[in-house]
Amino acid sequence: MSTQQKTPGAGQDFTLLAPTLEKYASVPGSLITILQQAQNIYGYLSQEAIEYISARTGISQARIYGVATFYAQFRLTPVGKYLIMMCKGTACHVNGADRVQEAVSEYLGIADGETTEDGIFTLNNVACLGCCSLAPVMMVKSADGEETYGNLTKDSVVKILDEIRSRGGAGMKVVIGQGSCGIASGAKKTEAEFAKQIAERGLTNVVLDKTGCIGTCYLEPIVDVYGDDGALAARYVKVQPANVSSIVEKHLIGGEVDTENAISAEDAAILAGQNRIVLKNCGLINPERIEEYIEEDGYEAARKVLTEMTPTEVIEEIKVSGLRGRGGAGFPTWFKWNAARQSEGKEKYIVCNADEGDPGAFMDRSVLEGDPNAVLEGMIIGGYAMGACEGVIYVRAEYPLAIERLEIALGQARERGFLGKKIFGTDWDFDIRIKAGAGAFVCGEETALIASLEGERGMPRLKPPFPAQKGYWQKPTNINNVETYANVAWIIRNGGEAFAAYGTDQSNGTKVFALAGKIKKGGLVEVPMGLTLKDVIYKTGGGIKNDRPFKAVQMGGPSGGCIPASLIDTPVSYEHINKTGAIVGSGGMIVMDEDTCMVDMARYFLDFTRKESCGKCNYCRLGTKRMLEILERITNGEGRDGDIELLEELANKVRDGAMCGLGQTAPNPVLTTLRYFRNEYEDHIYNHKCTAKSCKALISYHITDKCVGCTLCARQCPVDAISGTVKNQHTIDPAKCIKCGKCMENCRFGAIEKQ
């Protein structure tokens, strides 16, 4: 930090925190909220702030420090004006995030967790920002808000940081997609350019509006133009400020579709070919206006339930639908609701798990940003069915836009009488509040989530008792994820049998999948359960980038596994995917080509789960660490005979002995890659070769006889490892080479190969 900065914590005006403490000091389970507010005010949690909070709440400094150090969101040291959050999710990892971060660290001269000397930038790695289709991604937070940048390269990220450092009738309707993916692709700048040109040309009959993500993230920013009759007249894609004048001139003024920027027939067909239930309104309505949700039959299902149906009838309709939890385990939704209803006690809770922590999954984020009222309505229906008195939405703190739009939706629903006292004119009182997480993947496990709701470290508890019997504050509690609740209102409006008509006998309905990684058309798709992986990847996702050979798809996040190309005809259903050793999970699909090292993928996920382990049980805390050490040794070219067998032994023991779902499923990536890609492990250990030519310790660069002696590679080499004269073949000194790949990236003649 700058030498002119005050001593950390000195001079902080703690009266600014007084309103927060007045509101929450005596409320059980509010410690995380208090710490979040303190950090929002002061930028970090100083020792003085911790002492102040302790003195006024009666909570010991040790407990406060324990909670603050457990969650990744909290910071105990000052941060710069701009907090750079570098995404380390799976999609970013396979698309070169490590190289991008190296460029950021080199440019700023700092490592993860450090702040530049001038106090401008702080660098911080995060597990996943939920913009996987635009990988690699980073978010930059400041007092002015958040900015997300996608499709980063080593060069583009430096230019971005340079730009940041330099800052000191009925009419037509133009609707710009402004989910996180759209904003990351430049939608705000596109919106500003439209606003400027509409004003300059005096187009008073044109209204500018926004919506959420429609799912085709690879086409963002997306702009829809609606005619005077309210019908969609044209959809434009990849609209940057430079494209705006053409659309304004040809369409808004000339009345003709600007074919140069319009969506292709192929991409339009991908949207038209989906069966959208959860994503029904996403990308089509303004998520910040409840009126638009109501126009799409919003809250009619809740009204019907509260005025015409008994709780038993509601649960029976959900049972007929066959809806299974969309958060990972696929447990029957009706059964959980019924268990909570049958539990004794008048005080019950319904919780929405929006702590979407799987790297590579961004379904929940898009639904919350694009159609938050659908989730609220589903929770109202579920709350009525089980007799809950209050609802809580536990949201990832890394999703600020989702939280913002949820807050707006909650306020508007209360104004309409859909939440609060005697909702919908009945005698039932029910309200929903938001609880922002603080950065812990393990809190996606339901008992850990409950502990976090209660203001404690997110440590899983043994089951039974299950949350349906003793959950939040030891009261009966039901927990489902965002996508599960988003299905509920549609089922009530259309009937359980209509939902069950989609999918397979055991996996009913539709499922939202997030396609990311080495895929051409990344984004969200909603299709009936039972389609094959091949259909989802090639027909809906457009196939592999650059038409490279398909190698594997990773499903289920850190809890899932890698499914090889030989099983690409596997139907996407709970029962079939489970047989492969992977799981459907929340719906993330990371597609990989032949350049992906499967041993490194296993190492990546073990690194993730080891860091995210709460540490409560030995099998997870120590077992994942020992497995990671072996994988790191193998990828560093130091594998030993017997490592494969030891990995298998440890994986099985961790799976069988860990206490909660995180530890029990942590070995899955290792077990599936050993099952399907054992040869890659053997190549690393016995042949000292990375099959995918990916692991830095096991590759080398060579200049072939295609070299024309242009000297470009030598000029680009940062360590002077390349020698040679003009018009003669050059050579690389392996002792000096740091394997950065710049020579290969810049060679125009294909004369450098990786071995």
Side-chain angles (χ1 to χ4, degrees), residues 133-134 145 147-151 163 169-272 276 279-296 366 369-371 401 405 521 523:
S133 59
L134 300 171
E147 296 175 274
T148 306
Y149 302 88
N151 297 316
E163 187 274 329
M172 302 174 74
K173 185 163 72 168
V174 176
V175 181
I176 301 173
Q178 293 191 42
S180 290
C181 53
I183 294 171
S185 298
K188 290 291 187 183
K189 294 179 181 178
T190 299
E191 179 187 39
E193 186 63 24
F194 266 108
K196 174 186 174 185
Q197 295 203 27
I198 288 171
E200 288 177 349
R201 294 169 180 261
L203 302 177
T204 56
N205 66 326
V206 178
V207 175
L208 199 56
D209 205 354
K210 62 184 171 186
T211 186
C213 174
I214 201 168
T216 50
C217 307
Y218 64 99
L219 297 176
E220 295 286 2
I222 297 173
V223 176
D224 288 343
V225 176
Y226 291 82
D228 293 346
D229 58 358
L232 179 63
R235 172 164 291 148
Y236 299 106
V237 298
K238 299 182 180 179
V239 182
Q240 298 296 333
N243 308 117
V244 171
S245 59
S246 178
I247 297 171
V248 170
E249 190 69 35
K250 293 178 182 177
H251 195 150
L252 303 189
I253 297 175
E256 299 290 337
V257 173
D258 178 12
T259 55
E260 184 177 344
N261 294 296
I263 189 170
S264 69
E266 179 186 358
D267 290 324
I270 287 176
L271 279 170
R276 296 166 75 90
L279 302 180
K280 172 178 174 287
N281 297 321
C282 291
L284 299 177
I285 66 172
N286 187 328
E288 298 180 9
R289 283 206 291 268
I290 196 171
E291 296 84 0
E292 296 193 19
Y293 179 71
I294 292 172
E295 288 174 4
E296 299 297 327
S366 293
E369 292 176 356
D371 195 13
L401 183 59
R405 289 180 177 168
K521 301 180 185 297

K188 and E147 ion-paired at < 4.0 Å: no
Please find the pair of heavy atoms, one from S366 and one from C282, that lie closest to each other, and give the distance. O-SG, 4.1 Å
Do any N or O atoms from the side chain of T211 and from the backbone of N286 form a donor-acceptor pair under 3.5 angstrom? no
Could you tell me if E369 and S180 have a donor-acceptor pair between their side chains, going purely by distance under 3.5 Å? yes
Which heavy atom of G523 sits nearest to which heavy atom of S133, and what is that distance? N-CB, 3.7 Å
Return the CG to CE distance between D229 and M172, rounded to the nearest 0.5 Å. 10.0 Å
Run the side-chain contact (heavy atoms from CB on, under 4.5 Å) check on V175 and K210 step by step: do they pass? CA-CA 5 Å; V175 181; K210 62 184 171 186; 5.6 Å; no
If I take atom CG from residue D258 and atom OG from residue S245, how far apart are they, to the nearest 0.5 angstrom? 9.0 Å
Between D371 and K280, is the salt bridge (charged side-chain N to carboxylate O under 4.0 Å, His left out) condition met? List the steps. CA-CA 9 Å; D371 195 13; K280 172 178 174 287; over 6 Å; no
Around atom CD of E256, are there more than 12 heavy atoms of other residues, nucleotides or ligands at under 6.0 Å? no
Under the rule for ring pair (Phe, Tyr, Trp, His ring centres under 6.0 Å), what residues qualify as partners of F194, not counting sequence neighbours? none
Do V244 and K196 touch side chain to side chain, with heavy atoms closer than 4.5 Å? no
OG1-CD1 distance between T216 and I263, expressed to the nearest 0.5 angstrom: 5.5 Å
Taking every non-hydrogen atom, the tightest pair across P221 and G186: CG-C, 3.9 Å
Report the C-alpha separation of E295 and I285 in whole Å, then their side-chain angles, then the decisive distance to 0.1 Å, and conclude whether the side-chain contact (heavy atoms from CB on, under 4.5 Å) test is met. CA-CA 10 Å; E295 288 174 4; I285 66 172; over 6 Å; no
Test side-chain contact (heavy atoms from CB on, under 4.5 Å) on R201 and E249 and set out the steps. CA-CA 10 Å; R201 294 169 180 261; E249 190 69 35; 2.7 Å; yes
K238, NZ atom: more than 12 neighbouring heavy atoms under 6.0 Å: no
If you measure from OG1 on T259 to NE2 on H251, what distance do you get to the nearest 0.5 Å? 12.0 Å
For L134 and C217, which heavy atoms make the closest approach, and how far apart are they? CD2-O, 4.0 Å
Could you check K189 against Q240 for side-chain hydrogen bond (donor to acceptor under 3.5 Å, both in side chains), going step by step and ending with a plain yes or no? CA-CA 8 Å; K189 294 179 181 178; Q240 298 296 333; over 6 Å; no
Is there a side-chain contact between V206 and Q197 (heavy atoms, below 4.5 Å)? no
For Y236 and I247, indicate whether the former's side chain and the latter's backbone hold a donor-acceptor pair under 3.5 Å. no
Stepwise side-chain contact (heavy atoms from CB on, under 4.5 Å) check, I222 with R235: CA-CA 7 Å; I222 297 173; R235 172 164 291 148; 3.9 Å; yes
Of all residues at least two apart in sequence or in a different chain, which pass the salt bridge (charged side-chain N to carboxylate O under 4.0 Å, His left out) check with R289? D209, E292
Could you state the interatomic distance from CG (L203) to CD1 (I253), rounded to the nearest 0.5 Å? 5.0 Å
Would you indicate whether the side-chain heavy atoms of D267 and L219 approach each other to under 4.5 Å? yes
Where do A187 and Q178 come nearest, in terms of heavy atoms and distance? CB-CG, 4.1 Å
Which atoms form the tightest heavy-atom contact between V223 and T190, and what is the distance? CG2-CG2, 4.2 Å
Using side-chain heavy atoms (C-beta onward) and a distance below 4.5 Å, is Y218 in contact with V237? no
